[in-house]
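Presented below is the structure to which this report refers.
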There are 2 protein chains.
Amino acid sequence: MKFSTRAGYGLRAMVNLAKNHPRRKNLQEISKEEGMSLKYLEQLFRILKKNNLVVSRKGRVGGYVLAKNPKFIRAGEIIEIMDGPIAPMECAGGRCDMKCSCASSVVWIKLRQQIKKTLYGIKLSELI
Amino acid sequence: MKFSTRAGYGLRAMVNLAKNHPRRKNLQEISKEEGMSLKYLEQLFRILKKNNLVVSRKGRVGGYVLAKNPKFIRAGEIIEIMDGPIAPMECAGGRCDMKCSCASSVVWIKLRQQIKKTLYGIKLSELI
DNA sequence: AGAATACCTACTAAAATAGTAGGATTAATA
DNA sequence: TATTAATCCTACTATTTTAGTAGGTATTCT
Ligand code: FES
Ligand code: FES
């Protein structure tokens with residue numbers, strides 16, 4: 001079981017931005033501070049922006065700011081956006097291909113609830 | 001975030017065996033009941049056996065039995081064996097390649113604890 | 001005009017996953 | 001002893017996912 005590194009990078013970048021909130025910051029700085037490829041960061045931030053977690057400004061003094069106060073952003077939001085919906089197994093999503101007796105599906109459903117609870121229980125503001 | 005189907009299959013197979021406990025059952029039966037490929041099941045059970053979750057008997061009336069009472073087998077055991085150690089991110093395993101400020105690592109560490117707690121909190125006997 | 005920034009599309013190399021194929025070994029039974 | 005039904009073992013392969021690169025466009029400040 002693993003979350004993608006994309007989720008890890010996304011979370012780190014958001015924490016970085018949160019520390020700077022509500023000032024604007026550009027990707028070169030973040031890239032240097034976090035040791036991540038600039039080009040890759042650009043991709044990640046396009047996703048974050050599309051999902052309204054950040055607001056951007058183009059041009060000479062451009063950069064990104066969090067779209068909301070870090071108090072109102074949950075780790076779970078970021079992670080689900082970067083990694084896709086939390087669903088440890090098909091079962092947990094509702095529809096399951098495997099036609100089984102499926103006593104086992106309760107495991108995945110319960111697990112999913114717990115993961116969501118944990119991840120949405122953490123505010124970005126707690127990570128600064 | 002996803003667990004491998006291998007973990008799903010493994011869990012289902014173990015639940016199936018648990019229902020039959022403590023009688024022996026062969027893979028053809030399980031294969032038919034669960035709609036899983038026999039050849040694939042053989043592979044999975046080699047792993048389960050290697051990790052002492054099941055005991056086998058070869059030959060004419062061969063098959064598998066759980067190595068212990070379903071009361072003493074945890075969902076977490078099965079899943080970690082089939083899927084590898086639970087570690088949603090490198091951070092959570094202790095060593096992390098990403099050299100970061102790493103406020104974010106607490107997310108992964110907390111999450112890992114919760115997942116383990118949940119999965120080891122479920123006994124195979126509860127899934128029958 | 002120039003420079004620095006975000007924005008966009010497409011591609012690729014590497015790793016993980018899921019599963020198949022073919023046979024060897026073991027043990028009960030006829 | 002021959003047959004048969006089961007576990008056991010090694011190796012391969014096709015597919016998908018992941019992680020990341022490359023090259024170029026659009027915007028805005030100075
Ligand atoms: S419903 Fe998903 S394994 Fe049965
Ligand atoms: S320690 Fe893992 S991302 Fe920082």
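Proteins come first, then strands; the chains are lettered A, B, ... in the order of their sequence lines, and each starts at number 1.
In this structure, CE of A:Met82 is placed 13 Å from C1' of D:dG20, rounded to the nearest angstrom. We find that CZ of B:Phe45 is positioned 10 Å from P of D:dC8, with the value rounded to whole Å. Between B:Met1 atom CE and D:dT17 atom P the separation is 16 Å, expressed in whole Å. For A:Arg46 and D:dA19, the CZ to C1' distance is 15 Å, given to the nearest whole Å. With rounding to whole Å, B:Ile47 atom CD1 is found 13 Å from D:dC9 atom C1'.
Taking 4.5 Å as the limit, some side-chain heavy atom of A:Glu34 sits within range of a side-chain heavy atom of A:Ile30. Between B:Met89 and B:Ile109 there is no side-chain heavy-atom pair separated by less than 4.5 Å. In this structure the side chain of A:Tyr9 reaches within 4.5 angstrom of the side chain of A:Arg12, judged on heavy atoms.
For DNA chain C, the contact window with chain A, defined by any atom under 4.0 Å from a protein heavy atom, covers C:dA3 to C:dA10 in 5' to 3' order.
Across all strands, A:Tyr64 comes closer than 4.0 Å only to sugar-phosphate atoms, never to a base (heavy-atom distances).
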Mind listing the side-chain donor-acceptor pairs of residues 41-57 of chain B below 3.5 Å, one per line with the distance, residues two or more places apart or on another chain?
unit_1: B:Lys49; atom_1: NZ; unit_2: B:Ser56; atom_2: OG; d: 3.1

Distance-only donor-acceptor pairs under 3.5 Å for side chains of residues 119-128 of chain A, two or more places apart:
unit_1: A:Tyr120; atom_1: OH; unit_2: A:Glu80; atom_2: OE1; d: 2.6
unit_1: A:Glu126; atom_1: OE2; unit_2: A:Lys123; atom_2: N; d: 3.2

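Formation of a donor-acceptor pair under 3.5 Å by the A:Ser31 side chain with backbone atoms of A:Ser37 is not found in this model.
Put simply, B:Val106 and A:Met14 are part of the same group of oily side chains (I, L, V, M, F, W, Y) that touch within less than 4.5 Å, one to the next.
Between atom CD1 of residue B:Ile86 and atom CD of residue B:Gln113 there is a gap of 12.0 Å, rounded to the nearest 0.5 Å. With rounding to the nearest 0.5 angstrom, the CG atom of A:Leu111 is 12.5 Å from the OG atom of A:Ser105.
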Protein-proximity profile, nucleotides 22-30 of chain D, B/S/- by nucleotide at the 4.0 Å heavy-atom cutoff, equals -BB--BBB-
For A:Trp108 and B:Ile79, run side-chain contact (heavy atoms from CB on, under 4.5 Å): C-alpha distance rounded to whole Å, both residues' side-chain angles, the deciding distance at 0.1 Å, then the answer. CA-CA 11 Å; A:Trp108 306 116; B:Ile79 290 168; 3.5 Å; yes
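In terms of position on DNA chain D, the residue among B:Lys25 and A:Phe3 whose nearest nucleotide sits closer to the 5' end is B:Lys25.
When the C1' atoms of four end pairs are superposed on the next four at each end of the helix from C:dA1-D:dT30 to C:dA30-D:dT1, using five pairs per end, the two resulting axes differ in direction by 0°, to 10°.
Scored by the salt bridge (charged side-chain N to carboxylate O under 4.0 Å, His left out) test, B:Lys25 finds B:Glu33 as partners (sequence neighbours excluded).
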